[in-house]
Each structure stands twice: as C-alpha cells, then as structure tokens.
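See below for the structure under consideration.
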There are 2 protein chains.
Amino acid sequence: MGRGARGPSMHDVAALAGVSHQTVSRVLNGFEGIRPETRDRVLEAIERLGYRRNLAARSLATGRTGVVGVLSPDNPTYGATSSLFAVEHAVREAGLQPLITTTSGLPESVESALEFMYGRAVEALVIMAPSRSVLEVHDRMGVEVPTAYLLTGDERGRWSVSADQSKGAEMALQALLAAGHTAIQHVRGPLDSTEAQLRSDAYSRFMAQNSLARLPILEGDWSPQSGFDAYVRLDPRATAVFCANDQMAIGLMHAASVGGRWVPDDLSVVGFDDIPEAAHTLPPLTTVRQSFREVGTLAVALLTAALEGREPPDVEPLMPILVERDSVGPPGERKRSW
Amino acid sequence: MGRGARGPSMHDVAALAGVSHQTVSRVLNGFEGIRPETRDRVLEAIERLGYRRNLAARSLATGRTGVVGVLSPDNPTYGATSSLFAVEHAVREAGLQPLITTTSGLPESVESALEFMYGRAVEALVIMAPSRSVLEVHDRMGVEVPTAYLLTGDERGRWSVSADQSKGAEMALQALLAAGHTAIQHVRGPLDSTEAQLRSDAYSRFMAQNSLARLPILEGDWSPQSGFDAYVRLDPRATAVFCANDQMAIGLMHAASVGGRWVPDDLSVVGFDDIPEAAHTLPPLTTVRQSFREVGTLAVALLTAALEGREPPDVEPLMPILVERDSVGPPGERKRSW
DNA sequence: CGGTCGGATGTTACCGTGAACATCGTCCGG
DNA sequence: CCGGACGATGTTCACGGTAACATCCGACCG
C-alpha cells in the first residue's frame, strides 16, 4: 500500500513560526489566551506552507469523526433528491461531514449501506426510508447514534421530519370535491411505503367523512409507467383520480388520452409533490406542493441539536400547499370532440 | 469537546485472542503467513467484541484516506442525479469512500465545496461540471489529485467521460430530417454549459452539412419553464424544434398547445436525455437516450485505475440511442381540428 | 522586596493502526 | 549435530493531532 504524499504538519508550521506545535493547535482551534502577535506569526506560517490539518489525526485524538451518515434511495426522483441535497448542504453548514450512501432498498443493500456507514463511525444518521423494510433493517442492526428519518411519514414520531401527508392528501381531495366530484378513485404508492400509506389512509378517511363511496384503491410504484398501467384498472364510474405522486399522474393522463378520455373534461386528476414538469403537462397538473428542501434542513437541525446535547426542537409536520392548475374540472360527460 | 465513546481496539481483540495486536492487523489485512488456528481465534475475538477497525487511525498510519470527492450540481435533475448515484455506488464498490458535495455553481460555492473536499484529503475527484465556470474555479485552485469529469462534454479529453453529444444531437436532427423537416430550430442549454455547446455546435454543423438554413438558436436554462418561454421566440417558419433536453421540450410542447399548435401535426419536437416522463408526455416525446449510470461507473473506473497506478482505460464516448415516439411527424399545415 | 498568581507557551503522553525490524522455534542440509 | 533459512509471531516506533500538565515570566500584593 503506497503511502500518500504527506503535506506539512503542525510541527512544520510550529518550526517556521518559532513556537510549539501546541500553540499552532490552539490558534487553529480558536483558543483565547494567545498573544495577537504570536497568532499572526502562526497564521502566516500556515499560509506560507499551505498547511491543512490532518483530520484523521484529529479524529484519532479526539475520538470524534463529525460524520453524519445519510442513507438515500438510489432512485433519482425529484423529491428525494431535493431533500438529499438540502441535507448535504445543511450538514456541511453545521461543520460536519455528510456521508451519503445510496441503497436500492433491498434488505441486503440496506444492510451493506448501513454497515458501510457504521464502519465509518458516523455520529448521527439521516435515514431516508421510503419503505418500511429499510426501517426494519435499520432497527435490527440496532445502533445507538441519533437518527432522523425522512420520507417515512410520521412513523418515528418526533424524529420523523416530513410534510403533513394527511393534510396534503386532504387538500388534493378537497379540490376534487369542490369541483363537484364524488366518484374519486385513488392510485396509491407501493404498499411498503409509509408515505403512500398515509396518503391512502387519508383518502379512505376523506371519503368516509364526506359519505362518499370509496372506490378500489389501485397500487402503483411511483413511476409514470405504473400510472399509465393503472388507468385500465380504473373504475368506470370514477370521474376523478387522486394520484399519490405527480409522476403517476403524468402516466395516467397519458393513458387517459390514449383511451380517448380528456383531462379535465372527462376525467379530473390531481397529483402530489409538484415536480417541475407538473406545471407543463397537458393539461398542467393540479397538485400538492411539499417543501422537500425544508424537511432536509429540519432533519439536520434535529441532529445537530442532539449532537450538541441541546434539546431537539419540536418539529411540526410542514404544511403542504395546494397548487391549482388545469387538470381538475367539473364532472360530467362533456366529451370534447376531436 | 466531549470525546466519543470508544469501542474496542485491536489491543482488546489481541488480548482476548492471546496474540499481539499486529497479528490482528495481519488477519484483518488478509496477510498470508498466519496459522489457520490463530486466524480463527482472532476472528472469533473480533466477532465476540463486535470490533470495528478505526479508520482514522488506519488513515493516519498509512497516510491514505481512500476518499473520492464528488462535486455535484445541487440541481436535482434526473440525468445528473443518475450519474451521481452510479458514481457513489461504484466508488463504494471499489473499496473507497465517496464524499459527495453539492454546489450551486456560483464561484464561491464551487470554491467552498472544493475547499471542503481538499480539507478532507480526497485522493481523487469526480467533477460534475455542467458549466465551464466550475472548471475554471477548479483549475484556479490547482490541486494534483486524479480527476475525472462528467457533464463536461469532451472538454477534458480522456478524463472527460460522457455520451457522444454530437452524435446524439445528430441522431435527433436526423430523425427530424428523415420526417421531411428542413426548417428546424434549436433550443439550446445555457451558454456556459459545455454539453449545451456541443449539442448546439452539432446543430449548426448538421444544418450546414445538409444545406439547410440555420434558424436562430434560442437559449434556455434546461428547465421546463425556459422551454415554455422559448416557444414565443420561435421562428414562424420553423416546423420542427430540437430541444437540448427533455424538460425544455416538455415546456415547449406545453406552450405550443397553449398557442394552438399541435405536436406533431403542426410542430415536431425532439428532446434529449429520455427522462422517465418523456414516455408519457402528450404526445410521448421522441428523444435521445444517454446512459447516465454508465458514464458514472466509467468515471470511477478511470480513477481507480489511476489510483492503483494502472494505465487508465481509454474511454470512448458512449453511444446514445434514438428513442422514437410520437412527437415527430411530417411537416405541413395539416392543422388538426379541435 | 519576596512570594504568589495568572497568562502565555512548552512538554509529554496518548489515541489505534501499520510498517519495519526483532525474535523464536523448527526443519533441513552439510 | 550444528547453523542458517524460513515461517509465525511479537516489539517498537511513527503517523499528526489534542489534552493534561509543567514551566516560565511579569505583575501585583503584603
């Protein structure tokens, strides 16, 4: 194993500045009792040598790594990625180091990803767990570092950071109801997904509360293709569909158009997430926007508080926003001629 | 600075197994000359104590970190993120540690991201530089680790890994030409972007080679909104548009529909990238697929070869694939009644 | 005017690992 | 029967920081 070229060390800096290495250490760590003149000499020596401190040595001496593990799904969706990048930024901002590791979600993949991070001595974790199985693996491996959860709905109580999924779903459904729809069907996300479950539960609750007949819930996998496929399984009576995300809504609108049904005249559709494309589908998609970046930032705030021994802030679920565009219209058989 | 709880060390393992710490080290590093019986005793002790080696200490002793820095745009687009995740996976697979750092692309952001990574003593870099300014900052900071470039077209010669942008653009244009279009306009990506430049150059070349009049090149920023905005600036003579990515194509098709022009009857559109939504736009988008994951994997192969002192493999630009769907039709004034 | 105190800085030990070198026993050949 | 070689393992040191403690020196006080 060839050893890397080593840069200058504290001792080199100390020698150049005519002080001891400990004084250099004190300067770097912002110690108080240092004569300004000495500090300047040290800083100049650092500058001259292009010195960078060796974090491995520091970590070895202090027993701390400052590494925050981030487990992310390896699926490049807009929402998850937005949150991921917000987490990355916030972690770095907090003076810590993000260790982003992706997983397909299969148990062995989750396990190897977590094993990798534990092997790196992470001091905190952000688990972006779109599916419950990820949580199960994590629980089974039982490690003790502070952990925040994203994409898990409210599964983990105060450690779960998320937008209010139920409220969001309600907003979407309310938009349909307000337009006059009563035969509303739901295309949910994967059974395994906690967020999909919350939205789906909200659907059932909403229908019950408004004394509407609950049509069979169709299952998709978040992909546009699965939305497309869901269309043919739609109940003929349905005049409106609440899709659990925008991508499936896009696929479903495509299928509707192939099937000769026009959105919003023959079928109303709402999505969830407000991905950038949602404003430009045909027709532009009415959807529910959630602030992905905000949940990422909040999760890190939770962890830094825990790491510094402060009381973690209470995280209220974030309020989503209904974005009304053109995919919702009144029900009825106003078939457009084409 | 409170010191973290320290786990068992090699010495603890050694004591339990009745050997010296060096023997433990040898077992862990797969040394040859160890009696099987001794090895087993050591492994059992490791198991019993739940020992994990301290990478900080290892790194300090060897002078190596095994960290590969990955600079990524903080823009959660499908393509960049796909490559990013492929890089992450490949780096980990190679026994190294990815250090993913995002940047907005603004010089000070790029600089702080690079500074962060250099401070972590990265041994190699993957720079995902959608814009030339990122490269400039990187060059200015002048560091010597092996560096692979993504999203830069062929800017960096053999160190640039990418799909063949020119060929891809040609394929897109050829599809339009084959359908009978001669008045083809181009909506390019940002001026600063090397990939946009390559596609744009390919457009100019293609038009010249086929003796077609080059219509003014419009500039977008990759977003659907910018594609939408470009529509009104379209030349009235244009019967077809080559958009430099799918998102802009989506926005442009939206605008066309608002403007009462039908795709593909009144206007043909091709995109670039083949994002998952492209198969489900109205109409489904003809586009050029490039293998984002593959370029990510290849970039890492390049770096691991360099790190191990092997001759880096020659990386041929990857061949993109034309995906023909329904957004291209023959030119003409066959306005669809609606 | 000497002792003490406190601020500024130096000295030493230690963190956990890997590398170089030392040691020990055994086997084999002269 | 002894010495060298070799295989298996142990010992020591270095890596580059931080923490604890030691030291030095000037100022202030009794």
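Proteins get letters first, then strands, A, B, ... in listed order; numbering begins at 1 in each. Note that the structure is predicted; figures quoted are calculated from it, not measured.
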Spacing of A:Met10 atom CE relative to D:dG16 atom P, expressed in whole Å: 12 Å
Are B:Ser25 and C:dG18 close enough that a side-chain N or O sits under 4.0 Å from OP1 or OP2? yes
Can you tell me if A:Arg58 touches the phosphate of D:dT18, counting only side-chain N or O atoms and a distance under 4.0 Å to OP1 or OP2? yes
Sort me out a list of protein N/O and nucleotides 9-12 of chain D N/O pairs below 3.5 Å, or just none if empty.
from   : atom 1 : to      : atom 2 : distance (Å)
D:dT9  : OP1    : B:Arg35 : NE     : 3.3
D:dT9  : OP1    : B:Arg35 : NH2    : 3.0
D:dT9  : OP1    : B:Thr38 : OG1    : 2.4
D:dT9  : OP2    : B:Arg35 : N      : 3.0
D:dG10 : OP2    : B:Ser20 : N      : 2.8
D:dG10 : OP2    : B:Ser20 : OG     : 3.0
D:dG10 : OP2    : B:Thr23 : OG1    : 2.6
D:dG10 : N7     : B:Arg26 : NH2    : 2.8
D:dG10 : O6     : B:Arg26 : NH1    : 3.4
D:dG10 : O6     : B:Arg26 : NH2    : 3.4

Spacing of B:Arg64 atom CZ relative to D:dG16 atom P, expressed in whole Å: 16 Å
Pick one: which of A:Thr152, A:Leu150, A:Val300, A:Leu151 meets side chain to side chain contact (heavy atoms under 4.5 Å, CB included) with A:Val161? A:Leu150
Whole angstrom is fine here: how far is it from CG in B:Asn54 over to C1' in C:dG16? 6 Å
Using a strict cut-off of less than 4.0 Å between a Lys/Arg side-chain nitrogen and an Asp/Glu carboxylate oxygen, indicate whether A:Arg48 and A:Glu44 qualify as a salt bridge. yes
Passing candidate, side chain to side chain contact (heavy atoms under 4.5 Å, CB included) with A:Trp159, options A:Thr147, A:Leu302, A:Val315: A:Leu302
Rounded to the nearest angstrom, tell me the gap between atom CG in B:Leu28 and atom P in C:dG18. 7 Å
So, for A:Ala305 and A:Pro313, which heavy atoms are closest and what is the spacing to 0.1 Å? CB-CD, 3.9 Å
Nearest-angstrom distance from the residue atom CD1 of B:Ile46 to P of C:dG16: 16 Å
Looking only at the side chain of B:Leu60 (C-beta and beyond, no hydrogens), which of the listed nucleotides D:dG16, C:dT17, C:dG18 gets closest? D:dG16
Distance under 6.0 Å and angle within 45° of the ring axis: does A:Arg52 meet both against B:Tyr118? no
May I have the distance from B:Asn29 (atom CG) to C:dT17 (atom P), rounded to whole angstrom? 11 Å
Is there a side-chain contact between A:Arg6 and the phosphate of D:dA14, meaning an N or O under 4.0 Å from OP1 or OP2? no
Run the salt bridge (Lys or Arg N to Asp or Glu O under 4.0 Å) test on B:Glu136 and B:Arg140 for me, step by step, so that the C-alpha distance in whole Å, both residues' side-chain angles and the decisive distance to 0.1 Å come before the verdict. CA-CA 6 Å; B:Glu136 277 159 15; B:Arg140 177 161 53 70; over 6 Å; no
Touch class at under 4.0 angstrom, heavy-atom based, for B:Phe31 against every strand present: nothing
Passing candidate, side chain to side chain contact (heavy atoms under 4.5 Å, CB included) with B:Glu123, options B:Leu307, B:Val67, B:Val68, B:Leu303: B:Leu307
Whole-Å distance between C:dG6 C1' and A:Glu32 CD? 15 Å
